[in-house]
Peer 1: 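Here it is, the structure in full.
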Amino acid sequence: MEHATGQRRDAQVLVFDADDTLWENNVLFERVIHDYLDWLDHPTLDRVEIRKVLDDVERANAAVHGYGSKVFLRSLGECLERLRERPTTDAERREIDLLAEALVAHRVELMPGVAETLDALAGRHRLLLLTKGDLAEQQRKLDASGLLHHFHAAHIVREKDAETYRWLVGEHDIDPADAWMIGNSPRSDILPARAAGMRAVFIPNENTWVLEHDDLDPTDTGVLRLATFPDLLRHF
């Protein structure tokens with residue numbers, strides 16, 4: 001951060017989320033869901049009602065099985081079973097797999113200005129990466145991103161709650177007051193980091209997964225709100 005005089009503070013620890021902060025992620029899932037709803041063509045429920053059923057299934061599966069494309073495919077199948085009140089057929093499972101093929105094959109698309117911003121920040125701060133999801137899937141995206149060399153360490157975890165952040169500051173011998181969590185998710189990035197004593201930078205993404213939404217306290221001075229990723233360079 002900058003003091004009132006405009007002078008930068010000493011080096012700090014900046015912890016970055018990955019999905020929908022460094023690169024696009026949920027928009028890919030939303031495209032699959034759009035095609036899935038077209039394919040379902042339910043005789044009585046509209047798209048909003050079907051989406052509510054899917055959200056409920058995803059919420060339950062995330063709590064038990066975690067995140068990633070494999071769990072997402074499971075949720076699509078279970079949603080179909082719930083709506084049609086019968087097990088999915090082999091043909092239906094193949095169709096769901098085809099709909100979701102793009103999730104696995106899609107190349108990583110960095111957010112605008114991410115590579116240049118990280119390059120500048122790495123020269124004056126200690127950067128860490130903290131992302132949640134399927135280990136192999138997240139590692140593939142990290143490797144493909146070309147960004148790993150910017151980070152002192154990268155961690156892939158099952159869940160990002162307050163306990164995860166407490167572990168992170170302990171693991172790296174960090175003073176929470178000198179650390180910032182930077183991400184798009186109120187639920188996984190901002191609120192748990194604040195609960196662990198860190199400060200946070202909220203960079204909204206219009207495609208953030210609905211299950212990552214939560215209310216932020218507008219009076220919390222420990223949360224910096226920015227419009228774009230490169231805006232970080234004006235503060236750090």
Side-chain angles (χ1 to χ4, degrees), residues 14-37 51 54-55 57-59 61-63 65-76 79 96-118 127-148 150-151 154-161 164-165 181-193 200-214 216 225-232:
L14 307 182
V15 185
F16 290 85
D17 170 51
D19 290 339
D20 293 319
T21 297
L22 301 182
W23 53 71
E24 294 284 7
N25 180 66
N26 195 58
V27 67
L28 305 178
F29 288 81
E30 290 295 334
R31 290 169 188 164
V32 174
I33 291 172
H34 180 274
D35 293 342
Y36 175 79
L37 295 177
R51 182 60 189 264
L54 178 58
D55 287 345
V57 172
E58 286 198 282
R59 185 176 291 106
N61 276 334
H65 304 291
Y67 305 91
S69 58
K70 292 179 182 177
V71 180
F72 177 64
L73 286 173
R74 182 189 188 109
S75 294
L76 294 181
C79 179
I96 290 173
D97 287 344
L98 286 174
L99 286 171
E101 264 187 355
L103 289 175
V104 178
H106 201 281
R107 64 184 179 86
V108 172
E109 294 181 12
L110 298 182
M111 296 291 190
V114 161
E116 298 85 352
T117 302
L118 288 179
L127 310 189
L128 301 175
L129 188 141
L130 182 68
T131 182
K132 70 178 182 180
D134 178 80
L135 178 60
E137 187 171 345
Q138 291 302 94
Q139 189 63 56
R140 178 191 65 78
K141 288 188 284 187
L142 287 172
D143 292 341
S145 73
L147 300 176
L148 271 174
H150 293 301
F151 298 101
H155 299 285
I156 301 170
V157 296
R158 178 179 174 84
E159 187 59 85
K160 288 163 68 177
D161 51 21
T164 303
Y165 289 95
M181 179 61 200
I182 299 161
N184 68 291
S185 168
R187 176 181 173 270
S188 293
D189 300 326
I190 311 305
L191 294 175
V201 179
F202 178 45
I203 307 177
N205 183 321
E206 63 180 5
N207 295 308
T208 295
W209 189 22
V210 64
L211 299 190
E212 295 293 339
H213 293 183
D214 211 331
L216 297 178
R225 291 167 171 80
L226 299 179
T228 69
F229 196 88
D231 288 342
L232 288 164

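Just so you know, these numbers come straight off a predicted model, no measurement behind them. Any value given below was found using the heavy atoms of this structure, including those in side chains, with hydrogens, waters and symmetry copies removed.
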Peer 1: Could you grab the distance from atom CZ of R140 to atom CG of L135, nearest 0.5 Å is fine?
Peer 2: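 Those atoms lie 13.0 Å apart.
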Peer 1: Return the minimal non-hydrogen interatomic distance between L148 and A154, and the atom names on each side.
Peer 2: CD2-CB, 3.8 Å
Peer 1: For the residue pair H213 and T208, what are the closest heavy atoms and their distance?
Peer 2: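 Closest approach of H213 to T208: NE2-O, 3.1 Å.
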Peer 1: Side-chain contact, heavy-atom cut-off 4.5 Å: M111 with I203?
Peer 2: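 No; the side chains remain at least 4.5 Å from each other.
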Peer 1: Mind checking whether F16 and F229 have parallel, tilted or perpendicular rings, split at 30° and 60°?
Peer 2: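 Ring orientation of F16 relative to F229: tilted.
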Peer 1: When rounded to the nearest 0.5 angstrom, what distance separates CG in L22 from OG1 in T131?
Peer 2: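 Rounded to the nearest 0.5 Å, the CG-OG1 separation comes to 8.5 Å.
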Peer 1: Drop me the distance from T21's OG1 to I182's CD1, to the nearest 0.5 angstrom.
Peer 2: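 Between T21 OG1 and I182 CD1, I get 9.0 Å after rounding to 0.5 Å.
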Peer 1: Check whether any side-chain heavy atom of L142 lies under 4.5 Å from a side-chain heavy atom of L147, and answer yes or no.
Peer 2: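 No, their side chains stay 4.5 Å or more apart.
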Peer 1: Can you tell me how far apart CD (Q138) and NE2 (H155) are? Round to the nearest 0.5 Å.
Peer 2: 14.5 Å
Peer 1: Are any side-chain N or O atoms of E137 and backbone N or O atoms of S69, one a donor and one an acceptor, separated by less than 3.5 Å?
Peer 2: yes
Peer 1: Do side-chain atoms of D231 reach the backbone of T228 as a donor and acceptor pair under 3.5 angstrom?
Peer 2: yes
Peer 1: Would you give the length of the straight line joining atom CZ of R158 to atom NZ of K132, rounded to the nearest 0.5 angstrom?
Peer 2: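 NZ of K132 is found 10.5 Å from CZ of R158.
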Peer 1: Set out, in order, the CA-CA distance, both residues' side-chain angles and the distance that settles side-chain contact (heavy atoms from CB on, under 4.5 Å) for V210 and E58, then state yes or no.
Peer 2: CA-CA 10 Å; V210 64; E58 286 198 282; over 6 Å; no
Peer 1: Would you say that R187 contacts P192 through its side chain, given a criterion of any heavy-atom pair below 4.5 Å between the two side chains?
Peer 2: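 No, every pair of side-chain atoms sits at 4.5 Å or beyond.
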Peer 1: Taking C79 as the fixed residue, which of I96, L54, I33, N61 is the one that meets the side-chain contact (heavy atoms from CB on, under 4.5 Å) rule?
Peer 2: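 Exactly one candidate clears the test, L54.
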Peer 1: As an exercise, state the distance from CD of E30 to CG of N25, rounded to the nearest 0.5 Å.
Peer 2: 10.5 Å
Peer 1: Measure from the side-chain N and O atoms of N207 to the backbone N and O of N26, and report whether any donor-acceptor pair falls under 3.5 Å.
Peer 2: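 Not a single qualifying donor-acceptor pair exists.
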Peer 1: Do F202 and R225 come within less than 4.5 Å of each other through their side chains, counting heavy atoms only?
Peer 2: yes
Peer 1: Assess whether side-chain contact (heavy atoms from CB on, under 4.5 Å) is satisfied between D161 and T164, documenting all intermediate values.
Peer 2: CA-CA 5 Å; D161 51 21; T164 303; 2.9 Å; yes
Peer 1: Take N184 and E212, measure what side-chain hydrogen bond (donor to acceptor under 3.5 Å, both in side chains) needs, and give me the verdict at the end.
Peer 2: CA-CA 9 Å; N184 68 291; E212 295 293 339; over 6 Å; no
Peer 1: Taking D20's backbone N and O only, do any of them form a donor-acceptor pair with N205's side chain (distance below 3.5 Å, no angle check)?
Peer 2: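 Yes; at least one donor-acceptor contact below 3.5 Å.
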Peer 1: Less than 4.0 angstrom from a charged side-chain N to a carboxylate O is my criterion; do D55 and R51 meet it?
Peer 2: yes
Peer 1: Do you know which two heavy atoms are closest between W23 and D19, and how far apart they sit?
Peer 2: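 Smallest interatomic distance, heavy atoms only, reads NE1-OD1, 2.7 Å.
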Peer 1: Does the side chain of F29 come within less than 4.5 Å of F72's, by heavy atoms?
Peer 2: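 Side-chain contact under 4.5 Å: yes.
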Peer 1: Decide yes or no for L130 and Y165: does some side-chain heavy atom of the first lie under 4.5 Å from some side-chain heavy atom of the second?
Peer 2: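 The answer is yes; the side chains approach within 4.5 Å.
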Peer 1: Which atoms form the tightest heavy-atom contact between A115 and L110, and what is the distance?
Peer 2: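 Result for this residue pair: CB-CD1, 4.3 Å.
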Peer 1: Would L99 and L76 count as a side-chain contact (heavy atoms from CB on, under 4.5 Å) if you check the C-alpha gap in whole Å, the side-chain angles of each, and the deciding distance to 0.1 Å?
Peer 2: CA-CA 10 Å; L99 286 171; L76 294 181; 5.8 Å; no
Peer 1: Provide the closest heavy-atom pair for A100 versus L73 in the form atom of the first, atom of the second, distance.
Peer 2: CB-CD2, 3.2 Å
Peer 1: So which atom in I156 and which in G133 form the shortest heavy-atom distance, rounded to 0.1 Å?
Peer 2: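 Where I156 meets G133 most closely, the heavy atoms are CG2-O, 3.9 Å.
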